[in-house]
Trainee: 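Structure incoming, see below.
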Amino acid sequence: MTTRAGLGTWHSMRSFAQDRSVTAQKLPKGTVRRIFSFARPYRRLIGLLLALLAVDSVIGVVNPLLYRAVINDGILRHAASVVVTLALVVAGLAVIDAALSLGERYCSARVGEGLIFDMRSKVFAHIQRMPIPFFTRTQTGALVSRLNNDVLGAQQVFTSTLTSIVGSVFTLTLTLAAMFTLSWQITLVALVMLPLFLLPARRIGRKLATITRESYNLGAAMNSMMTERFNVAGALLVKIFGRPVEEDASFAGKAARVRDIGVRTAMYGRVFFAALMLVASLATALVYGWGGVQAVHGRLDVGTVVALAALLTQLYGPLTSLSNVNVDVMTALVSFDRVFEVLDLKSIVAEKPGATPLPGGAASIEFDHVDFSYPTAQEVSLASLESVAVLDATPSAAVLHDVTFVADPGTLVALVGPSGGGKTTISQLVSRLYDVRSGTIRLAGTDVRDATFESIRATVGYVTQDAHLFHDTIRANLVYAKPDATEDQLWAAVEQAQIADLIHLLPDGLDTLVGDRGYRLSGGEKQRLAIARLLLKAPRVVVLDEATAHLDSEAEAAVQQAFATALAGRTSLVIAHRLSTIRQADQILVLDAGRIVQRGTHERLLAEGGLYGELYHTQFADQVAAGSTRAPG
């Protein structure tokens with residue numbers, strides 16, 4: 001079988017292995033038009049690719065006709081010059097065919113990789129602009145799959161699927177025309193034999209589709225286990241509980257199932273190939289048998305018999321591919337639709353047209369009768385990204401009720417209260433990670449919904465309890481806040497954040513890798529690096545969640561010094577856990593069940609009693625007696 005026929009056979013097997021249920025899916029209106037809009041920048045390359053395919057198909061049909069001429073006009077007539085001339089023509093066509101093959105691959109690769117780049121860039125940029133609740137609900141693996149598997153599947157519309165269909169149509173049309181011209185009787189009999197392959201092939205294809213789906217699921221389960229166990233937290237958990245033997249056995253079981261299904265897939269694939277080659281061989285035997293008898297009786301020349309046999313090898317691959325073309329096309333279109341599904345998901349926290357930058361100068365924070373509840377799954381996510389059939393549309397309970405306060409420029413406001421009272425929610429609303437349900441939040445006197453995202457991010461600096469660091473160098477994590485920071489500015493920031501001495505001790509200094517999520521550093525070191533990053537950014541408003549519960553006394557003191565530097569001269573909103581912070585606060589807000597139940601200074605609130613006094617005496621008095629300075633809540 002020729003290379004062209006072999007490639008067609010492989011595509012046919014892959015086509016039959018596709019899930020046929022995909023053809024029942026309904027695509028939204030305008031999907032095809034949007035697909036062609038992606039391909040518009042590559043229309044010249046696609047046109048060139050189709051032209052090359054057409055010429056390649058012509059050469060594929062011309063070669064058997066040349067074999068016919070070599071035999072009839074050269075060998076049988078003892079015309080050596082004709083044989084040599086035609087052999088040179090065949091050789092020349094082989095060189096041209098090789099060049100065409102390279103050209104086809106170049107065009108296909110440029111179009112395919114270009115489409116992958118365009119779609120991945122678009123999807124990544126869109127996901128980056130989605131609100132935080134989108135990420136809290138969706139599965140990371142599902143998002144990565146859209147960027148990888150679905151994008152790869154989508155680009156096949158213009159590469160393997162398009163080239164297969166167009167190439168098969170050209171080849172089939174020209175091959176059948178040549179065969180019917182040479183002997184319509186033999187051609188019809190060869191075509192009648194096709195169902196001998198198609199009927200069992202469809203059954204094998206359905207089985208292959210089932211096995212393929214199962215292999216994807218088993219592979220995903222195995223990959224998920226590796227992902228969970230190979231990060232620092234997962235590896236630590238396995239070691240703490242002493243379960244490596246059980247983990248080995250569990251992984252071996254999953255890997256064994258992947259192995260077994262791989263063997264089954266290989267065997268069904270081989271049966272498919274063997275079946276197609278058997279039918280092709282039987283048809284070839286028929287051509288030589290019937291055609292040879294015809295040639296013996298003078299009703300058909302020998303060259304024609306050889307040409308028919310050669311043409312036959314190019315017939316069955318295109319026929320089988322085209323018989324399943326609807327599945328191929330729909331599979332690729334559905335991948336495009338899954339990409340569009342993500343691109344069409346609107347962000348509920350979006351910059352309004354005509355938004356203006358926040359005014360310069362000192363900035364205040366104002367909450368004006370703010371009510372808030374977290375968005376529903378239906379508002380922020382997709383069912384296919386959460387592995388559920390239908391998204392939950394039940395409204396979530398309100399977590400903030402009529403919250404009103406003002407943090408004047410340069411002042412420190414401390415948030416305290418029981419867990420779940422709404423402290424973290426308030427801190428996230430300041431930087432517009434969410435939008436309020438009712439009421440208004442103002443920065444520097446401007447409603448945050450009227451301000452540009454760029455100005456809000458430049459104005460507000462946010463340090464969380466568990467500071468996230470990328471798996472990169474200390475330098476790279478710092479300059480994330482200020483890409484043009486100089487060496488002097490970097491060292492000034494780490495000095496102010498009380499972590500310069502540690503960095504000086506490291507062999508690679510600022511170029512030291514921090515590890516996955518910064519796990520090579522302690523909790524206090526990570527937080528001080530996060531503060532250094534904030535100092536580089538130099539925001540006018542600082543929002544931070546003190547995290548000292550997991551630090552030793554020395555690290556705690558260093559973090560507090562860094563906090564003091566970060567807060568100096570800035571409008572600050574702090575979820576406070578230390579008495580020193582609370583005593584410095586110009587205003588303390590006591591939250592309970594989403595409401596501000598008390599407000600004032602430390603001394604005033606202690607005298608007033610209430611929830612603050614209760615928290616102080618139940619959670620804080622013993623720590624004061626022990627010399628601690630940690631605050632309630």
Side-chain angles (χ1 to χ4, degrees), residues 1-9 12 52-102 104 167-194 196-197 273-274 276-321:
M1 190 173 285
T2 65
T3 301
R4 186 184 291 105
L7 292 173
T9 305
S12 299
L52 292 175
L53 286 170
V55 176
D56 198 20
S57 298
V58 171
I59 291 176
V61 172
V62 167
N63 272 325
L65 299 179
L66 288 173
Y67 305 155
R68 175 175 180 262
V70 167
I71 295 171
N72 290 346
D73 301 331
I75 296 173
L76 295 181
R77 296 184 181 180
H78 305 288
S81 61
V82 173
V83 172
V84 172
T85 302
L86 292 177
L88 290 174
V89 172
V90 170
L93 288 177
V95 173
I96 294 172
D97 194 37
L100 288 172
S101 178
L102 291 175
E104 290 168 20
S168 294
V169 169
F170 281 143
T171 300
L172 188 61
T173 302
L174 294 172
T175 301
L176 283 176
M179 289 183 70
F180 271 108
T181 302
L182 294 175
S183 174
W184 63 267
Q185 298 96 332
I186 292 178
T187 304
L188 284 179
V189 174
L191 289 175
V192 168
M193 293 185 68
L194 184 64
L196 294 178
F197 166 73
F273 275 108
L276 182 55
M277 292 182 71
L278 176 61
V279 172
S281 298
L282 291 175
T284 302
L286 172 70
V287 170
Y288 278 120
W290 188 11
V293 171
Q294 298 274 34
V296 168
H297 290 92
R299 290 190 289 270
L300 205 63
D301 54 68
V302 177
T304 299
V305 175
V306 173
L308 284 169
L311 288 167
L312 196 61
T313 62
Q314 299 177 182
L315 184 64
Y316 288 119
L319 277 173
T320 51
S321 292

Trainee: Quick check: do Asn63 and Ile59 have side-chain heavy atoms less than 4.5 Å from each other?
Mentor: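 Side chain of Asn63 against side chain of Ile59, heavy atoms only: contact under 4.5 Å found.
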Trainee: Under a 4.5 Å cut-off applied to non-hydrogen side-chain atoms, are Val306 and Arg68 in contact?
Mentor: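 A side-chain contact is absent here, since even the closest heavy-atom pair is not under 4.5 Å.
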Trainee: To the nearest 0.5 Å, what is the distance between OG (Ser101) and CD1 (Ile96)?
Mentor: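 Between Ser101 OG and Ile96 CD1, I get 13.5 Å after rounding to 0.5 Å.
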Trainee: Kindly write out the residues that satisfy side-chain contact (heavy atoms from CB on, under 4.5 Å) with Leu102, not counting sequence neighbours, or none if the list is empty.
Mentor: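 With neighbours one apart ignored, the set is empty.
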Trainee: Tell me which pairs pass salt bridge (Lys or Arg N to Asp or Glu O under 4.0 Å) where either residue lies in residues 308-318, with sequence neighbours left out.
Mentor: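 Counting only pairs at least two positions apart or across chains, no salt bridge (Lys or Arg N to Asp or Glu O under 4.0 Å) contact touches residues 308-318.
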Trainee: Evaluate the side-chain proximity of Leu52 to Asp56: yes if any heavy-atom separation is below 4.5 Å, no if none is.
Mentor: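 No, too far: nothing below the 4.5 Å cut-off.
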Trainee: Using modelled atom types and a 3.5 Å cut-off, is there a donor and acceptor pairing between side-chain atoms of Gln314 and backbone atoms of Thr175?
Mentor: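 Judged by distance alone, no pair lies under 3.5 Å.
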Trainee: Heavy atoms only: give me the nearest Leu191-Phe180 pair and the separation to one decimal.
Mentor: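 Heavy atoms only, the tightest pair is CD1-CZ, 4.3 Å.
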Trainee: Name all residues meeting the side-chain contact (heavy atoms from CB on, under 4.5 Å) criterion together with Tyr288; count only those two or more places apart in sequence or in a different chain, and write none if there are none.
Mentor: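 Counting only residues at least two positions away or on another chain, Tyr288 forms a side-chain contact (heavy atoms from CB on, under 4.5 Å) with Thr284, Val305, Ala309.
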Trainee: For the pair Val89 and Val62, evaluate side-chain contact (heavy atoms from CB on, under 4.5 Å) and give the outcome as yes or no after the intermediate values.
Mentor: CA-CA 10 Å; Val89 172; Val62 167; over 6 Å; no
Trainee: Identify, with sequence neighbours excluded, every residue that meets side-chain contact (heavy atoms from CB on, under 4.5 Å) alongside Leu174.
Mentor: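 Partners of Leu174 by the side-chain contact (heavy atoms from CB on, under 4.5 Å) criterion, ordered by chain and then number, come out as Ser57, Val58, Val61.
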Trainee: Applying side chain to side chain donor-acceptor pair (under 3.5 Å), can you list everything that pairs with Gln294, at least two apart in sequence or on another chain?
Mentor: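 Scan of Gln294 (side chain to side chain donor-acceptor pair (under 3.5 Å), adjacent residues dropped) gives Arg299.
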Trainee: Can you tell me which residue pairs pass the salt bridge (Lys or Arg N to Asp or Glu O under 4.0 Å) test with a partner in residues 81-92, sequence neighbours excluded?
Mentor: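 Matches after skipping sequence neighbours: none remain.
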Trainee: What are the two closest non-hydrogen atoms of Leu315 and Pro318, and how far apart are they?
Mentor: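 The pair with the smallest heavy-atom distance is O-CD, 3.4 Å.
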Trainee: Going by the rule side-chain contact (heavy atoms from CB on, under 4.5 Å), which residues pair with Ile75 if we only count those two or more places apart in sequence or in a different chain?
Mentor: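 Testing Ile75 for side-chain contact (heavy atoms from CB on, under 4.5 Å), a comparison that skips the adjacent residues, returns Val70, Ile71, Val83.
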Trainee: Determine which pairs satisfy side-chain hydrogen bond (donor to acceptor under 3.5 Å, both in side chains) with at least one residue from residues 70-86, sequence neighbours left out, and list them in order.
Mentor: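 Sorted pair list: Asn72-Asp301.
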Trainee: So, the side chain of Thr187 versus the backbone of Met179: is there a donor-acceptor pair under 3.5 Å, distance only?
Mentor: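 Indeed, once roles are kept as given, a pair shorter than 3.5 Å links the two residues.
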Trainee: Among Leu172, Thr171, Thr173, which residue satisfies the side chain to side chain contact (heavy atoms under 4.5 Å, CB included) criterion with Val169?
Mentor: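 Among Leu172, Thr171, Thr173, the one meeting side chain to side chain contact (heavy atoms under 4.5 Å, CB included) with Val169 is Thr173.
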Trainee: Less than 4.5 Å apart, any side-chain heavy atom of Val189 and any of Val287?
Mentor: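 Val189 vs Val287: side chains apart.
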Trainee: Within the structure provided, determine whether Leu66 and Leu93 are in side-chain contact (heavy-atom separation under 4.5 Å).
Mentor: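 Yes. Closest side-chain heavy atoms under 4.5 Å.
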Trainee: Do Ile186 and Leu312 make a side-chain contact, defined as non-hydrogen atoms from C-beta onward lying under 4.5 Å apart?
Mentor: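 A side-chain contact is absent here, since even the closest heavy-atom pair is not under 4.5 Å.
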Trainee: Taking Thr313 for its side chain and Ala310 for its backbone only, find out whether a donor-acceptor pair lies under 3.5 Å.
Mentor: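 Yes; judged by distance alone, with no hydrogens or angles, the pair exists.
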